[in-house]
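Heads up, the thing below is written out as structure tokens.
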Amino acid sequence: VLLVCAIGLALFAFIAEEFFRGIETNRNQNKQKIGKIDGETVTVQQFQALIDEYSDVLKFTNGVNSLSDEQLTEVKDQIWNTLVNNTIIDHESKKIGLTVTDEEIQSIINEGRNPMLQQTPFRNEQTGAFDKDQLTKFLADYQKMDQANMPAQYKEYYDQIYKYWTFIEKNLRTNTLAEKYQTLLSK
């Protein structure tokens, strides 16, 4: 009888432990969520990654190593507003099958007139206009570079420029989708 009670108590403890572990996991998952946008959950990690990305872009473009607390607060607000707008536009665009193709992005880059492209370091020194050939050369060099033999400061600089370019390219796609969606709504 004592053995059966001990085994029963051990099984109950095991089941209770799993139950409480499940509740704790649920609480931890809820702590990792900062909000929902149009039914999509935004986690702390996703939001922080966007903050880090945008902060790196600001540091690169302004030539600083860090941002003030006030600037970080502005970045967080701006990221949240942008995330809300982009998520809603993306969701609505998917409903109607509206997309931005790689060819459209390449066409924008080839034209070189988009204001975001003018902010990149890939500009013609004489005219100040965006130079797609400089971009193409940089991307080819970046893919080929032997990072092991390159001095750390050059590697870091190339990495910063590449991250900046991917940020610009992502925003080109997002802004183009928003423009297409708004044009469709206005018609």
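The structure displayed is predicted, hence computed values, not measured ones.
No more than 12 heavy atoms of other residues, nucleotides or ligands sit less than 6.0 Å from atom CG of D69. Within 6.0 Å of the CD atom in Q45, the count of heavy atoms belonging to other residues, nucleotides or ligands exceeds 12. No more than 12 heavy atoms of other residues, nucleotides or ligands lie within 6.0 Å of OH in Y162, so this atom counts as exposed by the packing criterion. The number of heavy atoms from other shown groups lying within 6.0 Å of CD (E18) is above 12.
In this structure, L177 and L98 have side chains that are in contact, with non-hydrogen atoms separated by less than 4.5 Å. Proximity of Y164 to P121: side-chain heavy atoms (C-beta onward) are separated by under 4.5 Å at one or more points. Taking the side chain as every heavy atom from C-beta outward, N114 and N175 never approach each other to under 4.5 Å. Taking the side chain as every heavy atom from C-beta outward, Q46 and L50 never approach each other to under 4.5 Å. Looking only at side-chain heavy atoms (C-beta outward), K76 and I51 come within less than 4.5 Å of each other. A heavy-atom distance below 4.5 Å is found between the side chains of E40 and T87. Side-chain atoms of L135 and F130, non-hydrogen and from C-beta on, do get closer than 4.5 Å to each other. With contacts defined as side-chain heavy-atom distances shorter than 4.5 Å, the pair D90/T174 does not qualify.
Between E104 and K180, at least one side-chain N (NZ, or NE/NH1/NH2) sits under 4.0 Å from a carboxylate O, which counts as a salt bridge. Classification of K163 and D159 as a salt-bridged pair fails, no side-chain N sitting under 4.0 Å from a carboxylate O. In summary, D52 and K59 do not engage in a salt bridge, as defined by a charged side-chain N under 4.0 Å from a carboxylate O. Taking 4.0 Å as the cut-off between side-chain N and carboxylate O, E111 and K132 do not count as a salt-bridged pair.
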Open item on the list: As a quick check of understanding, evaluate salt bridge (charged side-chain N to carboxylate O under 4.0 Å, His left out) for D102 and R173, giving each step before the final call.
Closed with: CA-CA 9 Å; D102 293 339; R173 186 174 300 277; 2.7 Å; yes

TODO: Would you please test L139 and W165 for side chain to side chain contact (heavy atoms under 4.5 Å, CB included) and show each step?
DONE: CA-CA 9 Å; L139 292 174; W165 171 249; 3.9 Å; yes

Open item on the list: Using the rule given for side chain to side chain contact (heavy atoms under 4.5 Å, CB included), can you reason through F60 versus D56, listing the C-alpha separation, both sets of side-chain angles and the distance that settles it, and then say yes or no?
Closed with: CA-CA 6 Å; F60 176 74; D56 288 346; over 6 Å; no

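Taking each heavy atom of K170 and E53 in turn, the nearest pair found is NZ-OE1, 2.6 Å. Contact between L117 and I168 at its shortest, heavy atoms only, is CD2-CG2, 4.4 Å.
Here the CD-OG distance, from E179 to S186, works out to 11.5 Å after rounding to the nearest 0.5 Å. Atoms CG and OH, from L72 and Y54 in turn, are 12.0 Å apart once rounded to the nearest 0.5 Å. Here the CG-CG distance, from D38 to N86, works out to 12.5 Å after rounding to the nearest 0.5 Å. If you take CD1 on I105 and OG1 on T176, they are separated by 4.5 Å, rounding to the nearest 0.5 Å. We find the CD-CG distance between E74 and L67 to be 10.0 Å, quoted to the nearest 0.5 Å. Between the NZ atom in K137 and the CD atom in Q134 there is a gap of 9.0 Å [rounded to 0.5 Å].
Of the possible polar contacts, none joining the E17 side chain to the F14 backbone as a donor-acceptor pair under 3.5 Å is found. The backbone N or O of T101 sits nowhere less than 3.5 Å from a side-chain atom of T99 that would complete a donor-acceptor pair. Under the 3.5 Å distance criterion, the side-chain polar atoms of N62 are left unmatched by any main-chain donor or acceptor of V64. Of the possible polar contacts, none joining the S107 side chain to the E103 backbone as a donor-acceptor pair under 3.5 Å is found. For the pair N81 (side chain) and D77 (backbone), a donor-acceptor distance under 3.5 Å is present.
Grouped by direct or indirect side-chain proximity (heavy atoms under 4.5 Å, Ile/Leu/Val/Met/Phe/Trp/Tyr only), I7 sits with L3, L11.
Applying the ring-ring contact (aromatic ring centres under 6.0 Å, His included) rule to F47 yields the partners W80; only residues at least two apart in sequence or on another chain are considered.
Following chains of ILVMFWY side-chain contacts shorter than 4.5 Å, one cannot reach V4 starting from I15, and the two form parts of different hydrophobic clusters. Linking ILVMFWY side-chain heavy atoms closer than 4.5 Å, directly or via other members, places I96 and V100 in a single hydrophobic cluster.
Applying side chain to side chain contact (heavy atoms under 4.5 Å, CB included) to F122 and the options D131, D133, T136, I161 leaves one that passes, I161.
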